[in-house]
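Accompanying notes for the structure given below.
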Amino acid sequence: MSDIRVRIAPSPTGLLHIGTARTALFNYLFARHYKGKFIVRIEDTDKERSTDAFTKDILDGLEWLGLNWDEGPTVGGEFGPYFQQEREHLYEQYVDQLLESKRAYRCYCTPDELSLEREQQQARGEAPKYSGKCRNLTEGEREQFELEGRESVIRFAIDNQSVEFDDLIKGHVSIDTTLMSDFVIVRSDGTPLFIFSNAVDDYLMKITHVLRGDDHLNNVPKQIMLNDALGFTSPNFGHFPLIFNTDRSKMSKRKDPVSITNDFKQKGYLPEAIINFVALLGWNPGTEQEIFSIEELINEFTVERVGKSPSIFDIEKLQWMNGAYIRELPIAELAKRVEPFISDDSIKEAIEKDVNYFHQALTLVKDRMRLLSEVEDQIKMFYFKPKFDKVLLTANKSTAENAKKSLEVASKVLTELKDFTTAATETALRAAAKENGLKDGEILWTVRVALSGSAQSPGTFELLEVLGKKESLERINIALNLC
Ligand code: GLU
Ligand code: ZN
């Protein structure tokens with residue numbers, strides 16, 4: 001067991017997002033690879049926007065993906081609680097420490113005063129920045145503000161300097177802090193800002209590595225300055241490039257598929273496929289291999305192989321991968337996974353009565369499925385007589401006359417056939433085609449359309465075997481009546 005401890009700190013202000021899922025996966029893989037601990041800590045410091053429903057969506061989503069955490073909500077751990085709202089009492093002493101050492105101060109400026117200050121700076125052509133004017137308030141001024149009933153926030157007093165650190169992915173980073181404002185660490189209602197609570201909690205929870213999206217890169221100097229002022233050792237940092245659409249635009253919650261529950265789970269993606277796909281959003285195995293089990297990912301994952309360039313989210317590739325995973329599932333397992341996607345009551349009832357038939361049908365269609373949600377559409381031909389236009393019987397393959405003849409011939413030979421296996425029907429139909437001067441393609445096509453009602457379906461002989469003699473003949477005769 002190594003001492004490596006990593007965490008994710010999702011804010012329950014939205015649904016579990018593909019970006020957060022990737023951050024979770026990389027942290028999970030890093031922890032498992034180095035035999036460390038993976039921790040989930042809910043960053044619910046923004047009380048107005050955090051909800052229990054979002055927390056549930058995030059935790060359910062992580063669980064569905066199989067990203068089990070060693071410490072966190074529901075499982076607990078020795079560094080709990082793992083909800084920041086329940087840790088507020090722990091932050092107070094560190095705020096006091098900063099106030100006493102004059103590394104933090106109360107700022108009484110009103111929003112109006114702050115925006116006036118910004119406007120004036122802009123008018124002078126300066127970059128807007130909080131002036132720090134409350135840094136040196138006298139005791140008397142402070143009392144006066146309090147008497148007036150002014151609200152105050154607590155700001156961190158930046159030491160003008162540049163902060164340097166070695167990012168595990170970006171390399172050496174140097175950020176000039178002279179352009180930064182003294183930032184707020186405690187809101188006027190007394191709640192901490194995440195930048196502060198995360199610095200404290202990463203320390204208290206003995207986090208060794210902070211791995212997250214590079215939208216947080218600019219927060220690192222703040223975190224390092226806070227850590228230095230509090231006497232904490234800073235963790236290592238690693239920032240992954242963000243995920244973009246194929247057209248290089250940023251993924252948006254409004255128009256792109258980003259919610260793990262709504263856009264992926266409920267649409268019929270397999271968690272294994274999502275994991276495999278998301279792993280390749282930024283991590284590069286260094287080989288051509290594309291399909292990875294979670295065990296392989298754990299073995300092979302290192303931060304050194306996480307690239308610096310943005311990752312591209314290609315839904316086509318994800319669908320292809322999902323199809324590949326569907327094909328590999330044992331049929332009984334696939335049957336279990338597609339169950340929630342079957343809504344037709346008569347199909348559900350029929351499955352209950354004859355699971356074996358359902359498995360046979362599923363075996364025939366699974367190769368053409370890319371999403372679990374396609375199942376009902378794919379298997380309905382096994383449960384309902386097909387509806388189709390008679391032109392499909394001849395479509396590019398046959399004349400109307402030959403189509404009719406094909407069905408008549410097929411009906412006759414199949415009626416006489418005792419053995420209805422794939423091999424037997426194949427021999428019989430091919431022989432009958434030859435005897436009656438029909439092309440194999442004509443008879444196979446028309447029979448297949450009669451059985452499935454579709455131009456795209458499993459093969460004629462497979463369909464005959466699964467549907468069985470009685471049902472097959474009924475369907476062929478229905479088609480004949482159309483001719
Ligand atoms: N709540 C932040 C996020 O989900 C995490 C910040 C952090 O990892 O320090 O982006
Ligand atoms: Zn102020």
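Counting convention: from 1, in listed order, for ligands and their atoms alike.
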Between V258 and the options D256, I260, N262, the side-chain contact (heavy atoms from CB on, under 4.5 Å) test singles out D256
Subject >> D189 and T191: side chain donor to acceptor below 3.5 Å >> reply: yes
*Examine Y108 and say whether one of its N/O/S atoms is closer to the Zn ion (ligand 2) than 2.8 Å.*
no
If you count every heavy atom of other residues, nucleotides or ligands that lies below 6.0 Å from E113 atom CD, does the total exceed 12? yes
closest protein heavy atom to atom 9 (O) of ligand 1 is R212 NH1, 2.7 Å
With rounding to 10 degrees, C109 SG, the Zn ion (ligand 2) and C134 SG define an angle of 110°
- Message: With a cutoff of 4.0 Å, is T20 in contact with ligand 1, counting heavy atoms of the residue only?
- Response: no
Near E43 (heavy-atom distance under 4.0 Å), the atoms of ligand 1 are 1 (N), 2 (C), 5 (C), 6 (C)
Output field for angle at the Zn ion (ligand 2), Y130.OH vs C107.SG, rounded to 10°, should show 100°
Neighbour count >12 (heavy atoms, 6.0 Å) for atom CD, E48:
no
Exercise. Does the separation of the ring centres of Y383 and Y357 fall below 6.0 angstrom?
Worked result: yes
Counting from 1 in the order shown, the ligand 1 atoms closer than 4.0 Å to a non-hydrogen atom of S11 are 1 (N)
Closest to atom 7 (C) of ligand 1 by heavy-atom distance, out of H216, H239, R7, is R7
Tested for salt bridge (Lys or Arg N to Asp or Glu O under 4.0 Å) against E71, the lone hit among R7, K206, R5 is R5
Only one of V184, D182, L99, L193 passes side-chain contact (heavy atoms from CB on, under 4.5 Å) with I154, and that residue is L99
among protein heavy atoms, the one nearest atom 4 (O) of ligand 1 is A9 O, 3.6 Å
